[in-house]
2 protein chains.
Amino acid sequence: MVIPAYVFDRLLEISLLLHADMARAFAGTGLTASRTHLLWELHRLGPSTQQALASALKVTPRNVTGLVDALESHGYVERHPHPTDRRAVQVTLTDRGSRTMAAMESDREQAAAELVAGLTEQEVDEFGRILTSVADRLRRLVEAAADETEEKT
Amino acid sequence: MVIPAYVFDRLLEISLLLHADMARAFAGTGLTASRTHLLWELHRLGPSTQQALASALKVTPRNVTGLVDALESHGYVERHPHPTDRRAVQVTLTDRGSRTMAAMESDREQAAAELVAGLTEQEVDEFGRILTSVADRLRRLVEAAADETEEKT
DNA sequence: TATTGTTATACTCTATAACTATA
DNA sequence: TATAGTTATAGAGTATAACAATA
């Protein structure tokens, strides 16, 4: 039993469609996929240091500096002194940032509903269950491959 | 009925895992995700002009120039004069390029088998069917959003 | 006139390395 | 000595605009 090729084609198509739609939706807003990902983590975590954001996004601290610079200049986030650690910066959402995330959350829910309109609850559950199983196996495969690469080093 | 949040989390996780694995697998090969995508299309389409590749990849011709430059310098593709149109270039896979794609194809099949090990044929079929349905609806949503944006312009 | 591919220019994301201020 | 964030530098992907050769 193998994942049929058409499933890969659909996944690739979904990825390209989402990319195109983001480019369209972000035009003129000062947002990009990476910047929005940072906003999303900030929304989830609450006020955070740039180190915490770097871990959450799995990118370097230097990279976070650039993303926060861009988001700050467009008014989505603010840098504040950290209350207890004078080395660190605390990044917070501004009102604009909070409103943007709230709007995105409700857009996402609406889109999520439209995508599965016509499917039964059982079908959606089954889909989620298989997706989770595939993600679990993929995680193990990727970790095994990474370990193997490391051993060679 | 709405797609549950954990399904989005799994999809995001899969996307991040694949990205990390590609970065690892491509180290030292001169390949990247974008360059591999071009090789894949070339493998699928056969010898192609850069215009054809730009359409297939949905990027600008200028972008293809850069990708083909990089792939050529690493020996994966070659530029040849087009047999009938002296303006155009025909891009072909080299032996190295063909061998690389063949290896990737078999790797992909093996990984695809491991990801669904433990699932029944019926479950995989069901998964593919729902994925197709979701992709169809997503395509329509994205097109509708794009049309709406265009009307405002 | 239209098309193919290139040069010129610019923006974004990402990484490593060196450095400053602080813990 | 270790950590948080910055400056410096570099590579990769992407885009628009102007241009030369050819159709």
Side-chain angles (χ1 to χ4, degrees), chain A residues 15-16 18-24 26-41 47-74 76-92, chain B residues 15-16 19-20 22-41 47-74 76-92 153:
Chain A
S15 155
L16 290 173
L18 290 175
H19 192 268
D21 190 54
M22 276 193 296
R24 183 197 55 72
F26 289 159
T29 64
L31 290 178
T32 64
S34 296
R35 292 173 193 173
T36 303
H37 191 181
L38 190 150
L39 286 186
W40 205 261
E41 290 297 335
S48 307
T49 64
Q50 296 190 184
Q51 278 294 334
L53 293 170
S55 299
L57 299 173
K58 295 197 176 96
V59 299
T60 60
R62 174 62 186 93
N63 203 334
V64 172
T65 299
L67 295 173
V68 171
D69 284 350
L71 287 167
E72 199 176 28
S73 81
H74 285 95
Y76 291 101
V77 305
E78 278 170 356
R79 281 184 170 97
H80 297 288
H82 190 282
T84 64
D85 186 340
R86 280 196 295 171
R87 294 170 306 179
V89 164
Q90 220 179 22
V91 185
T92 60
Chain B
S15 156
L16 291 173
H19 191 269
M22 275 192 298
R24 183 196 54 73
F26 289 159
T29 64
L31 290 177
T32 64
S34 296
R35 293 173 192 172
T36 303
H37 192 180
L38 191 151
L39 286 185
W40 204 262
E41 289 298 333
S48 308
T49 65
Q50 296 190 184
Q51 278 294 334
L53 292 169
S55 299
L57 299 173
K58 297 199 172 90
V59 298
T60 59
R62 175 62 186 93
N63 202 334
V64 172
T65 298
L67 295 173
V68 171
D69 284 350
L71 287 166
E72 199 175 28
S73 81
H74 285 95
Y76 291 102
V77 305
E78 278 170 356
R79 280 183 169 99
H80 297 288
H82 191 281
T84 63
D85 187 340
R86 280 196 295 171
R87 293 171 306 179
V89 164
Q90 219 178 22
V91 184
T92 60
T153 320

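Keep in mind that this is a model prediction, so the values were computed, not measured. Sequence lines set the chain letters: A, B, ... in the order given, protein chains first and strands last, and positions in each chain run from 1.
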(message) Counting C-beta onward and ignoring hydrogens, is there a side-chain heavy-atom pair between A:Leu31 and A:Leu39 closer than 4.5 Å?
(response)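 They are in side-chain contact.
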(request) Flag the pair A:Asp85 / A:Gln90 as yes when at least one side-chain heavy-atom distance between them is below 4.5 Å, and no otherwise. (result)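 No. Closest side-chain heavy atoms not under 4.5 Å.
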Do you know which two heavy atoms are closest between [X] and [Y], and how far apart they sit?
| X | Y | result |
| --- | --- | --- |
| B:Gly30 | B:Arg35 | O-NH1, 2.8 Å |
| A:Glu41 | A:Leu53 | CB-CD2, 4.4 Å |
| B:Phe26 | B:Thr36 | CZ-OG1, 3.3 Å |

(request) With A:Gln50 as reference, evaluate A:Val68, A:Leu67, A:Asn63 under the side-chain contact (heavy atoms from CB on, under 4.5 Å) test and give the passing residue. (result)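 Answer to the side-chain contact (heavy atoms from CB on, under 4.5 Å) test with A:Gln50 among A:Val68, A:Leu67, A:Asn63: A:Val68.
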Atom [atom1] of [X] to atom [atom2] of [N]: distance rounded to whole Å?
| X | N | atom1 | atom2 | value |
| --- | --- | --- | --- | --- |
| B:Gln51 | C:dA2 | CD | P | 15 Å |
| B:Leu57 | D:dA15 | CG | P | 10 Å |
| A:Phe26 | D:dA15 | CZ | P | 16 Å |
| A:Leu71 | C:dT12 | CG | C1' | 13 Å |
| B:Leu67 | C:dG5 | CG | P | 14 Å |
| A:Leu31 | C:dC13 | CG | C1' | 15 Å |
| B:Met22 | C:dT14 | CE | C1' | 14 Å |
| A:Asn63 | D:dT6 | CG | C1' | 14 Å |

(message) From C-beta outward on B:Pro61, which listed nucleotide comes closest to its side chain: D:dT22, C:dT6, D:dT16?
(response)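 That would be C:dT6.
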(message) Starting the side chain at C-beta, find the nucleotide from C:dA23, D:dA21, D:dG5 nearest to B:Arg87.
(response)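 Of C:dA23, D:dA21, D:dG5, D:dA21 is nearest to the side chain of B:Arg87.
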(message) I'd like to know if B:Arg86 reaches the base of D:dT22 with its side chain such that a donor and an acceptor end up less than 3.5 angstrom apart.
(response)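 Checked by distance alone, the answer is no.
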(message) Given the structure, check if the side chain of B:Arg62 and the base of C:dT7 hold any donor-acceptor pair shorter than 3.5 Å.
(response)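 For B:Arg62, whose side chain was compared with the base of C:dT7, there is a donor-acceptor pair (under 3.5 Å).
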Using a cut-off of 4.0 Å on non-hydrogen atoms, how would the nucleic acid contact of [X] be classed: base, sugar-phosphate, or nothing?
| X | value |
| --- | --- |
| A:Ser34 | sugar-phosphate |
| A:Thr32 | sugar-phosphate |
| B:Thr65 | base |

Using a cut-off of strictly less than 4.0 Å, decide whether [X] has a side-chain nitrogen or oxygen near OP1 or OP2 of [N].
| X | N | result |
| --- | --- | --- |
| B:Arg79 | C:dT6 | yes |
| B:Arg35 | D:dG13 | yes |
| B:Gln50 | C:dG5 | no |
| B:Thr49 | C:dT4 | no |

(request) Starting from the 5' end of DNA chain C, give me the residue, A:Gly66 or B:Asp85, whose nearest nucleotide shows up first. (result)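 Checking each residue's closest nucleotide, the 5'-ward one belongs to B:Asp85.
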(request) Map B:Ala70 and B:Thr84 onto DNA chain D by nearest heavy atom, then report which one ends up closer to the 5' terminus. (result)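 Result: B:Ala70.
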